[in-house]
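The block underneath contains the structure these notes are about, expressed in structure tokens.
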Amino acid sequence: MSAPYRVGIVGCGAISRNHLEAFAAIPQATVVAVCDVDAGRARETAARWGIDGAFGSVEEILAAGVDVVSVCTPHPTHEAVVLAAAAAGAHVLCEKPIAIDLASAERMVAACDAAGVRLGVLFQRRFWPAAQRLRAAVDDGALGRPILGHASVLLHREPEYYSGAAGTGTAWRGTWATDGGGVLMTQAIHYIDLLQWLMGEVVEVHGHAATFTHAIEVEDTAAAVLRFASGAMATLSATTAAAPSLGVSIRITGETGATAELTEFPEGTDGRVTVLAQGGAVESEPAHPAGVDPDVDLAAINGQLIPHHTAQIRDFVGALGEGRAPAVTGHDATAALRILLAVYESSRTGRPVRLTPTAPEQTA
Ligand SMILES: NC(=O)c1ccc[n+]([C@@H]2O[C@H](COP(=O)([O-])OP(=O)(O)OC[C@H]3O[C@@H](n4cnc5c(N)ncnc54)[C@H](O)[C@@H]3O)[C@@H](O)[C@H]2O)c1
């Protein structure tokens, strides 16, 4: 085996653990440096994981010589890190959302293309076996071309999640400037991505977003109708004001008449196919099994995502070796961002928003 890719992780907060665990499970890559604007946090992380390099900035990580940069910082800071990494010739794996505005996302994709480096963005829920099963049911014709979809995202966040108290988050959440949005930008974006992955490109969005129960600037609740290039349609409802959480369900009906529903309950557990109705038979299991605590602590939610982060990061590292595009590209992440930004615009104007079709992606 050739020498493992040298990886630097930028941002040592909550989600960095998923990246550290994932890379630890992948022999083709080794984390050689971490950094955080809180240099003490970088030092603690490096000491805990036996990593030599602990720095205060991405520039120092790049100067140490890395092939791959993992970006685990708050959303609006992603762009500067990605541009610095691309300029230094490092491949980039960026946490979702890619950015909080479209121009920023487009600059990131363009910079990586121009530098000839790969850009992957974390949408690890695509790697659930159940999500792959839904995708196979679309691809192999069991569902046929999707005609109707639904994503229901009914989550619970404590006030401390937004205020940054009690170690359940940091103070950047909940404002337009530092978070860029609420439930759509941070939680529902995963399921918007699943809808576009299963149903194709979204060309029109009509929606509403509002803040009902949390003391935040950004929305805690949103509803939208999406229309796809194929003519198919889907509805989306999302909130962080549910108590207790009812988790997530994604439902797709195809033109064969078959329907599949995938459920994530409690939040953070692997998605399960709970309904599969095809060929005259209906297989179903309860979406909300009895006796389960529906409200899971955020650290436990992130912990349960580790196998799926690992699967996506393994794909990314494999893509580097094989000279192919990763499973989730900057282009895909930009498309998901466009959809949720259109919900904000539609909510502001009271009108549907038309999305112009995107140029096909270069995948070679
Ligand atoms: N894929 C998922 O399911 C998932 C889950 C949780 C978080 N995330 C994403 O990961 C990102 C980070 O979220 P988090 O919950 O870990 O946040 P966090 O606040 O726990 O950690 C962010 C860390 O980045 C550091 N930081 C801020 N700016 C920096 C910079 N310019 N350079 C270096 N370090 C910097 C902070 O000091 C902090 O330690 C967000 O974009 C979030 O959406 C993704």
Side-chain angles (χ1 to χ4, degrees), residues 8-22 33-46 54-62 69-85 93-100 104-105 108 120-128 153 155 157 160-174 178-191 193-194 218 248 264 267-271 296 298-313 316 328 333 336-337 340:
I9 293 185
V10 181
C12 298
I15 209 61
S16 65
R17 176 183 158 214
N18 293 39
H19 291 240
L20 287 156
E21 294 272 10
V34 296
C35 79
D36 199 292
V37 286
D38 177 341
R41 193 173 288 176
R43 279 194 300 274
E44 277 167 34
T45 303
F55 302 110
S57 70
V58 66
E59 285 73 22
E60 292 165 90
I61 281 200
L62 293 167
V69 168
S70 251
V71 187
C72 299
T73 59
H75 332 324
T77 64
H78 292 172
E79 180 182 353
V81 178
V82 171
L83 297 195
L93 194 51
C94 182
E95 267 301 345
K96 48 51 64 174
I98 180 170
I100 62 171
S104 175
M108 293 158 75
V121 180
L122 266 298
F123 279 135
Q124 76 281 354
R125 284 172 170 84
R126 285 195 195 187
F127 286 80
W128 281 332
V153 183
L155 306 181
R157 288 293 181 273
E160 292 76 16
Y161 169 77
Y162 292 109
S163 66
T168 56
T170 44
W172 56 274
R173 297 198 186 274
T178 55
D179 208 356
V183 65
L184 288 172
M185 184 67 79
T186 293
Q187 286 84 21
I189 192 168
H190 283 286
Y191 312 102
D193 176 64
L194 284 182
V218 295
V248 176
E264 175 185 354
E267 182 186 1
T269 49
D270 296 12
V296 185
L298 199 58
I301 291 174
N302 285 338
Q304 292 183 93
L305 301 175
I306 290 170
H308 313 301
H309 268 84
T310 303
Q312 184 170 349
I313 293 175
F316 184 80
V328 189
L337 179 67
L340 74 91

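Since the model is a prediction, treat every value here as computed from it, not as a measurement. All ligand and atom numbering here is 1-based and tracks the order in the structure.
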| message | Any non-hydrogen side-chain atom of Leu20 less than 4.5 Å from a side-chain atom of Thr45? | response | yes
| message | Are the side chains of Ile61 and Val10 in contact, using a 4.5 Å heavy-atom criterion? | response | yes
| remark: Closest heavy-atom pair, Ser57 versus Cys35, reported as atoms and distance to 0.1 Å, is C-SG, 3.5 Å
| With Ser104 via side chain to side chain contact (heavy atoms under 4.5 Å, CB included) - residues at least two apart | Glu79, Ala99, Asp101, Arg107, Met108
Enumerated ligand 1 atoms positioned under 4.0 Å from heavy atoms of [X]:
X	answer
His78	41 (O)
Arg41	37 (O), 38 (C), 39 (O)
His309	1 (N), 2 (C)
Pro97	43 (O)
Val10	32 (N), 33 (C)
Gly11	24 (O), 34 (N)
Asn302	5 (C), 6 (C)
Gln124	1 (N), 2 (C), 3 (O)

Proximity of [X] to ligand 1 by residue part, where a heavy atom lies under 4.0 Å:
X	result
Leu305	side chain
His75	both
Lys96	both
Val81	neither
Ser57	neither
Arg173	side chain
Thr73	both

Gap between atom [atom2] of [Y] and atom [atom1] of [X] - 0.5 Å precision:
X	Y	atom1	atom2	value
Arg126	Leu194	CZ	CG	7.5 Å
Gln312	Leu122	CD	CG	4.5 Å
Phe127	Leu305	CZ	CG	13.5 Å

| Does the side chain of Asn18 pick up a donor-acceptor pair with the side chain of His308 at under 3.5 Å? | no
Regarding ligand 1, does [X] bring an N or O atom to under 3.5 Å of one of the ligand's N or O atoms?
X	result
His190	yes
Ile15	yes
Asp36	yes

Are any side-chain N or O atoms of [X] and backbone N or O atoms of [Y], one a donor and one an acceptor, separated by less than 3.5 Å?
X	Y	answer
Asp179	Gly174	yes
Asp193	Phe123	no
His309	Gln124	no

| remark: Min over Gly13, Pro74, Ala171 of heavy-atom distance to atom 27 (C) of ligand 1 lands on Pro74
| task | Measure from atom 30 (C) of ligand 1 to every heavy atom in Asp179, Val37, Thr45 and give the option owning the shortest one. | result | Val37
| said: Just to verify, which of Val153, Ile301, Val296 counts as forming a side chain to side chain contact (heavy atoms under 4.5 Å, CB included) with Glu267? | reply: Ile301
| Trp172 to ligand 1, any heavy atom closer than 4.0 Å | yes
| message | Quick test of your reading: applying salt bridge (Lys or Arg N to Asp or Glu O under 4.0 Å), list the pairs with at least one residue in residues 180-191, sequence neighbours left out, ordered by first then second residue. | response | none
